[in-house]
Amino acid sequence: MIHTQKWLLLLIACLFTYLDPSVVTADSSYPLQTKYPDTIMYKAETAEKIIAFTFDDGPDNVHTPAILDVLKKHHVRATFFLLGPRVEKYPKMVQRMNEEGHVVGNHTYWHPELTETGVANMKWEIEKTEQAIHQVLHKKTQLFRAPYGALNDSLVRALPDLGYRAVGWSIDSEDWKGLSKERIKQQVINNLHPGSIVLMHSVGDVHGTVEAVDELIPYLKDAGYQFVTIPEMWPVLYK
Ligand code: NI
């Protein structure tokens, strides 16, 4: 009888552990954010309905202006992670982003997988693109997004000395796969949560992105979401 009670208690304890939301912490799927919360963010730790749209790999003179037009139409500001050679080729597009209140971040020069190439290469990549951005905007960005989101402890630990913080994402729109507007919308809506950072692209096979953004913005606003840039979302950047 005592034996049975012990098992019963153990079973109840297990059930409570399983059901207790504090056991599964909100950011448990982002170990680097848990370890370095001031240096890397995949999503905002908040119950507030805020969301940040981010666009990688630009600028160009086809998709990027279309995205800027649709953001302007809806009075939404976003964050763009830019590649050095494209900044050099399309400086006017970078100026336009800045003039329209968007935030510009660094997305390396040659888009390498940094977990393969290492810290020294990351420094070169970041500094080369930093020069390109500085040439156009005469200012430096603190925000860095690693190509493919590929980072590890040593790369993240090297960022503060370079004056950067890394930005990941909690929702991959998968627009880079050339998905339709509807598929991109579903991808975002199905994964929506307070403090979402959405990964999209302003270059490549992204024909669905502009239309998806045009429809997602009113949908998300109706759902009570407020659009913010990454610096508006990350307390360490506005404190
Ligand atoms: Ni990229």
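FYI, side chains are in, hydrogens and waters are out, and symmetry mates aren't considered; it's all heavy atoms of this structure. Position 1 is the first residue of the sequence, and the numbers go up from there. Note that ligands are numbered from 1 as they come in the structure, with each ligand's atoms numbered from 1 the same way.
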Intermediate values then yes/no, side-chain hydrogen bond (donor to acceptor under 3.5 Å, both in side chains), Asp205 and His207: CA-CA 6 Å; Asp205 185 11; His207 60 273; 3.0 Å; yes
What verdict does the side-chain hydrogen bond (donor to acceptor under 3.5 Å, both in side chains) test give for Thr209 and His63, after you've listed the backbone C-alpha separation in whole Å, the side-chain angles of each residue and the deciding distance to 0.1 Å? CA-CA 9 Å; Thr209 306; His63 303 291; over 6 Å; no
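Between the NE2 atom of His107 and the OD1 atom of Asp57, the angle centred on the Ni ion (ligand 1) amounts to 90° when rounded to 10°.
Taking 2.8 Å as the criterion, His201 does not count as a coordinating residue of the Ni ion (ligand 1), since none of its N, O or S atoms falls below it. Within the 2.8 Å limit, Asp56 places no N, O or S atom next to the Ni ion (ligand 1).
Side-chain contact between Arg145 and Ile197 is present, with heavy atoms from C-beta onward closer than 4.5 Å.
The side chain to side chain contact (heavy atoms under 4.5 Å, CB included) check on Val119 picks up Lys123, Ser154, Leu155, Ala158, with sequence neighbours excluded.
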